[in-house]
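Ligands are counted one by one from 1 in listed order, and the atoms in each one are counted from 1 as well. Heads up: numbering here begins at 1 and tracks the sequence. Just so it is clear, the structure is predicted and the values come from calculations on it, not from any experiment.
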Amino acid sequence: MENISEMNSATDTSRISISAHYTGYIWYKNGLSHRQFVTPMGRAAYWALKPMNVFMQAMIGASIDTFLMQRHFVLDHLVEQAIEEGYEQIVELAAGLSSRGYLIKQAHPGVHYVEGDLPGMSARKAELLDQLCRQPGHITQPCNILDESGEHSIESLLAGLDKSKKTLIITEGLVNYFDLGTIRKVWSRMAIAMKDFPQARYITEVYPKLEQHPSYKYVKVAQKVVGFFTQGEYPLHYSSDEEMQQGFLEDGFARVNVTAPEDYYDKLDMPTSSRQSLVRLVVADV
Ligand SMILES: C[S@@+](CC[C@H](N)C(=O)[O-])C[C@H]1O[C@@H](n2cnc3c(N)ncnc32)[C@H](O)[C@@H]1O
């Protein structure tokens, strides 16, 4: 259970946390995670969604898991690229049961890695990481992206970091749980707070509303399934890459690059789909 007493009902989105069990299991099942992050709930959710995945694979040549894997591979690649560029402070918001932080700390012990999530999920992750003897500089911190102030806000988390270091923020599997107005407010607040660092970058995936896409009707089905699973909506954001880029510029980012998984097919060994992909990767610098 999340520590609901610490959140008011408007900002309590702990109903979404169940999805972290599912994705945590997908990462593990595909060799991208440590067994430590597998939960019985994640395994059960995988089997519950299996028929849906088989159906999508047959109809559109790619399943929900294909799109999850694609985003995860590309985000990992973009994070590695940022580390090569000298980003040595990384904040992963809504990190859930992903083992990205653990793996990055294994590969780059010098990187300072902070995993933020709602209090309940953050406590659970802290316990799992402690059992793996987490390294110094690998922090878990309660954070609610909707809190505009207070100890769980993004602002407070960033205030605790080294202001002399190039800093990267990542979110994965988070932004489409909120309507565009709500998440844009978060992005604007983030862009302001990021200006305190010599260089700062935000990386996320966004699922756009591609109504002309040949698979759009199946996307609507998947959207309903995810919404049912997490007891809420799963709105799609922006109708084109250009609109998405413009939105991030208006939210206060200075340089914005929007790409699709197929832009990386020649570089990364990851699952591909025969049709144009349904997810976009955004790299936004302040
Ligand atoms: C689909 S999971 C993604 C987890 C992980 N990033 C991954 O890709 O496996 C969504 C995550 O968002 C977190 N979350 C939901 N609402 C949040 C909020 N308001 N602030 C911060 N994290 C939130 C949940 O606890 C959960 O861990």
Over 60° means perpendicular and under 30° means parallel, so classify the ring planes of W27 and H72, tilted if in between. parallel

Under 4.0 Å from a heavy atom of N144: give me the atoms of ligand 1 that qualify, with their elements. 18 (C), 19 (N), 20 (N)

One thing to verify: whether E85 and K166 come together as a salt bridge, which I'm taking to mean a side-chain N less than 4.0 angstrom from a carboxylate O. no

Please state whether the rings of Y207 and Y234 are parallel, tilted or perpendicular, taking 30° and 60° as the class boundaries. tilted

Against heavy atoms of R71, which atoms of ligand 1 measure under 4.0 Å? 8 (O)

Judged by heavy atoms only, the candidate from D12, T13, V186 nearest atom 17 (C) of ligand 1 is T13

In terms of side-chain geometry, is the basic nitrogen of R189 or E148 positioned less than 4.0 Å from the acidic oxygen of its partner? no

What about I64 and I18, same hydrophobic cluster or not, with Ile/Leu/Val/Met/Phe/Trp/Tyr joined at side-chain heavy-atom distances under 4.5 Å? yes

If the cut-off is 4.0 Å to any non-hydrogen atom of W27, which atoms of ligand 1 fall inside it? 7 (C), 8 (O), 9 (O)

Less than 3.5 Å apart, any donor N or O on the side chain of E115 or H138 sitting next to an acceptor on the other? yes

Does K125 qualify as a cation-pi partner of F37, given the criterion of NZ or CZ under 6.0 Å from the six-membered ring centre and within 45 degrees of its axis? yes

Counting heavy atoms under 4.0 Å, the part of E115 that contacts ligand 1 is neither

Under-4.0 Å heavy-atom contact with ligand 1, by part of I145 that carries it: both

Under 4.0 Å, heavy atoms only, figure out whether ligand 1 is touched by the backbone of Y22, its side chain, both or neither. neither

Should the ring pair F248 and W187 be called parallel, tilted or perpendicular, given that the plane angle runs from 0 to 90° and is split at 30 and 60? tilted

Heavy-atom gap L118 to ligand 1 smaller than 4.0 Å: yes

What do you reckon, does E92 have a nitrogen or oxygen under 3.5 Å from a nitrogen or oxygen of ligand 1? no

Please list, in number order, the atoms of ligand 1 under 4.0 Å from a heavy atom of C143. 20 (N), 21 (C)

So, is S19 polar-close to ligand 1, with some N/O to N/O distance under 3.5 Å? no

Taking atom types as modelled, is there a side-chain donor on D12 or S14 under 3.5 Å from an acceptor on the other? yes

With respect to atom 12 (O) of ligand 1, which of G42, S98, S33, A94 exhibits the smallest heavy-atom separation? A94

Can you figure out which of G173, S122, P142, S17 has its heavy atom closest to atom 10 (C) of ligand 1? G173

Nearest heavy atoms of P136 and K105, plus distance in Å: O-NZ, 3.0 Å

Taken in chain and number order and not counting sequence neighbours, the residues that satisfy salt bridge (Lys or Arg N to Asp or Glu O under 4.0 Å) with R280 are D241

Mark up the atoms of ligand 1 that fall under 4.0 Å of a heavy atom belonging to T23, in ascending order. 7 (C), 9 (O)

Looking at A20, which atoms of ligand 1 are within less than 4.0 Å of one of its heavy atoms? 2 (S), 26 (C), 27 (O)

Do any heavy atoms of K125 fall under 4.0 Å from ligand 1? no

Numbered in order shown, the ligand 1 atoms found under 4.0 Å of a heavy atom of G96 are 4 (C), 27 (O)

Judged on heavy-atom distance to atom 27 (O) of ligand 1, which of D117, D147, T230 sits nearest? D117

